[in-house]
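Some notes on the structure that comes next.
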Amino acid sequence: MEHIQIKGLNKPVSKLIMGSDFFNLSNGPVVSEILGHYLAIGGNCIDSAHNYCGGESEQAIGRWLDETGKRESMVIFTKGAHPKNDGPRVNSEAIRSDLFTSLERMRTDYIDLYGLHRDDPNVPVGHILEALNEHVEAGRIRAFGGSNWTHERLQEAADYAAKHSLIGFSFSSPNLSLAKPNEPFWAGCVSVDSEALRWYEANQFPLLSWSSQARGFFTGKFSPDVRDNADMVRVFYNDENWIRLERAKQLAAEKGVSMIQIALAYVLSQPLPACALIGPRTEAEMISCRDGADIKLTREELAWLDLTGAAV
């Protein structure tokens with residue numbers, strides 16, 4: 001499997017990142033089996049968050065790391081400062097509280113990649129960077145980034161860091177997928193549009209895409225007349241996405257692969273350091289992700305799939 005480098009981290013990051021939003025303390029054998037399949041395809045990065053499964057996702061990962069002794073070979077990516085019912089929590093106090101809890105749950109003294117799960121544009125970016133720099137200097141995190149931050153705020157953070165000689169954001173984790181959303185899945189979520197994609201490419205800024213396969217939109221289970229999944233209808237049902245699906249089907253047939261593999265290849269073939277968060281539950285699904293990651297799409301194919309270029 002191919003890897004990317006992220007500034008501040010002395011380990012490469014596999015282009016497929018294992019999602020853990022379904023890990024919990026009651027399915028330990030399942031977690032071990034899935035992570036075993038993930039290691040077998042060459043993966044080395046696990047994604048989690050302070051709020052996944054009420055904290056049990058991080059606890060399950062910590063138990064697995066402890067039992068297997070694989071802490072130093074793995075890249076741990078977790079996130080904090082998620083909003084609560086009373087509003088945003090992107091501030092130094094919430095970051096510190098969530099980070100210390102995550103460290104304890106994961107049975108480790110440092111996090112490789114720490115992401116702010118949401119942004120709060122009302123908080124000056126300098127306050128946020130100064131808080132995160134303290135944790136880097138203390139050795140609690142190796143690199144930090146934004147999750148669901150706009151490229152404008154990322155640029156603002158980069159400018160502030162350069163001006164004040166601070167460590168800046170090293171990565172970003174928005175949604176990027178071949179299917180373009182009508183609206184966010186959840187409040188505060190950010191999907192990459194064409195303007196943002198140009199920014200990522202120009203800056204060669206590492207992008208770790210969540211919902212990289214559009215929650216299964218390209219599995220063949222969905223069509224305009226299948227409307228039993230209200231969230232999928234709300235977010236992904238539009239005329240342009242049905243054209244993208246048909247083009248993915250055509251290109252998949254030409255290459256002898258599946259539509260879902262083409263959707264994954266779309267993310268990983270972007271001309272920038274890109275990773276895809278995946279959530280396979282079986283060995284077969286894991287192998288499908290591995291094979292999809294090996295597909296290389298040309299710029300012309302990417303543009304055609306995205307309805308911005310001529311037929312190929």
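Both backbone and side-chain heavy atoms feed into the values below; hydrogens, waters and symmetry mates do not.
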Between [X] and [Y], does at least one N-O distance fall below 4.0 Å, as a salt bridge requires?
X	Y	value
Lys255	Glu301	yes
Asp306	Lys180	yes
Arg140	Asp109	no
Asp231	Arg234	yes
Lys79	Asp98	no

Heavy atoms from other residues, nucleotides or ligands near NZ of Lys249 exceed 12 (cutoff 6.0 Å): no

Enclosure of Lys221 NZ (heavy-atom neighbours >12, cutoff 6.0 Å): no

Side-chain donor or acceptor of Thr68 paired with backbone N/O of Trp64 under 3.5 Å: yes

Cation-pi check for [Y] against [X]: NZ or CZ below 6.0 Å from the six-membered ring centre and within 45 degrees of the axis, yes or no?
X	Y	value
Arg153	Phe169	no
Arg227	Tyr237	no
Arg142	Tyr110	yes

Contact summary for Pro12 and Asn44, nearest pair of heavy atoms: O-ND2, 2.8 Å

Residues that Thr282 engages under side chain to side chain contact (heavy atoms under 4.5 Å, CB included), provided they are two or more places apart: Ala284, Glu285

For Ala248, side chain to side chain contact (heavy atoms under 4.5 Å, CB included) partners two or more places apart: Leu178, Phe218, Met259, Ile262, Leu305

Inter- and intrachain pairs under side-chain hydrogen bond (donor to acceptor under 3.5 Å, both in side chains), touching residues 191-201, at least two apart: Gln155-Trp199, Ser172-Tyr200, Asn175-Ser191, Glu201-Arg299

